[in-house]
Amino acid sequence: MIINMREGAPEHEIQHVIDRVKEAGYQAHVTRGTERAIVAAVGSNGRRHELQALAAAAGVAEVVPIAQPFKLVSRQVKPERTVVNVGGVLIGDGNFVVIAGPCSVESREQLFSTAKSVKAAGAQLLRGGAYKPRTSPYEFQGLGLEALQLLNEVRGEIGLPVVTEVMSTEDVDLICEHADMLQVGARNMQNFALLRRLARVNKPILLKRGPSASVKEWLLAAEYLLAGGNHDVVLCERGIKTFETETRNTLDLASIALARELSHLPVIADPSHGTGRPTLIPPMSRAAAALGADGIMVEVHPCPERALSDGPQSLDLDGFSRLMRCLAEPLRAMPMRDTATA
Ligand code: PEP
Ligand code: MN
């Protein structure tokens, strides 16, 4: 249930409602908006009728059920958009943020040349996998700690905050020491033990959508993070499984718009995994910008043909510069019909 406070309700009235929500057996999550406060009562073992009775409490405008199964993630609980700070870079503040870098960190030379080049072209954050979720156990699994150390060094020298994937609860502390943002990969979107653990770290999380997950399941995965105390979550649509075989996955653009409609969390697109084709990355990136996505994450490699993972979908350094230039161009010249004379 949510308890919408009246505009300008004084602090002691808000506090009284919070106390009553707790007494009724729920957790109270307060959002203090510019105009009014919203108190969300979350939990499964409370006494609902006691919440309903709060309609009569001083300063309360209304008590209404939360329409969706995800609660803290929903815009009903927090209408204002969330802005996530990743090592000083803001995601969700209205600017279009570009995260770029190799699928996997392979060597100092590969990481540094990519980082320098993507930064010069305008990327704000660097990505690079240290622990890789590979479909086959015989494929390159990532350099682990060595990659984390390289990411740490490159951040210091080049000055780009870094995003890297965490696959296991065991690695959380180590990765937190080296990275600015932790990525939960598509395959781990419903790894609930991992989500519960990440709810307790003070680093932002990039939560990828599972290839077969509905938007509701994706937002409920994010709910684990918020409910456990981590509110710095960015959602990433990276393509879903469909019958189409010409693209690696189907980048579900409508779901980006829908996730932004249902949730206050920032949402970015990953057109690299979402299409598997470098030629489709610029048009899909422009489409993501057009529909209001908060940014993109793109795989870039100095020599894609030599990449140890995801080479075929990686842009080379020039390709990334061209992508950045095309993102700066107007989407399309559109002759507007004069509706007055039509
Ligand atoms: C990646 O970002 O390299 C990755 C493995 O992504 P996903 O989890 O979306 O497959
Ligand atoms: Mn990849």
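The shown structure was predicted, so the numbers you read here are calculated from the model rather than taken from an experiment.
- Clustering of Ile, Leu, Val, Met, Phe, Trp and Tyr by side-chain heavy atoms under 4.5 Å joins Ile240 with none of the others.
- Other residues sharing the hydrophobic cluster of Phe140, ordered by chain and number and joined by side-chain separations under 4.5 Å: Leu143, Leu308.
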Side-chain donor-acceptor contacts of residues 45-56 below 3.5 Å, not counting sequence neighbours, with atom names and distances?
| unit_1 | atom_1 | unit_2 | atom_2 | d |
| --- | --- | --- | --- | --- |
| Arg47 | NE | Glu50 | OE2 | 2.5 |
| Arg47 | NH2 | Glu23 | O | 2.5 |

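- For Phe112, there are no ring pair (Phe, Tyr, Trp, His ring centres under 6.0 Å) partners at least two apart in sequence or on another chain.
- Every pair passing side-chain hydrogen bond (donor to acceptor under 3.5 Å, both in side chains) that includes a residue from residues 86-107 is listed here, sequence neighbours excluded: Asp93-Asn95, Ser104-Ser309, Glu106-His301.
- Partners of Arg108 according to the side-chain hydrogen bond (donor to acceptor under 3.5 Å, both in side chains) rule, which considers only residues two or more places apart in sequence or in another chain, are Glu153.
- Scored by the salt bridge (Lys or Arg N to Asp or Glu O under 4.0 Å) test, Glu244 finds no partners at all (sequence neighbours excluded).
- In terms of the salt bridge (Lys or Arg N to Asp or Glu O under 4.0 Å) criterion, residue partners of Glu139 (sequence neighbours excluded) are, by chain and number, Arg134.
- Within the structure, ring-ring contact (aromatic ring centres under 6.0 Å, His included) pairs that include any residue of residues 189-222 comprise Phe192-Tyr224 (at least two apart or interchain).
- For the ring pair (Phe, Tyr, Trp, His ring centres under 6.0 Å) test, no residue two or more places apart in sequence or in another chain qualifies with Tyr131.
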Side-chain polar contacts of residues 323-333 - donor-acceptor pairs under 3.5 angstrom, sequence neighbours left out - could you list them?
none

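- Counting side-chain heavy-atom gaps under 4.5 Å among Ile, Leu, Val, Met, Phe, Trp and Tyr, the cluster of Ile268 also holds Val84, Val86, Val89, Ile91, Val97, Ile99, Leu125, Val163, Met181, Leu206, Val234, Met297.
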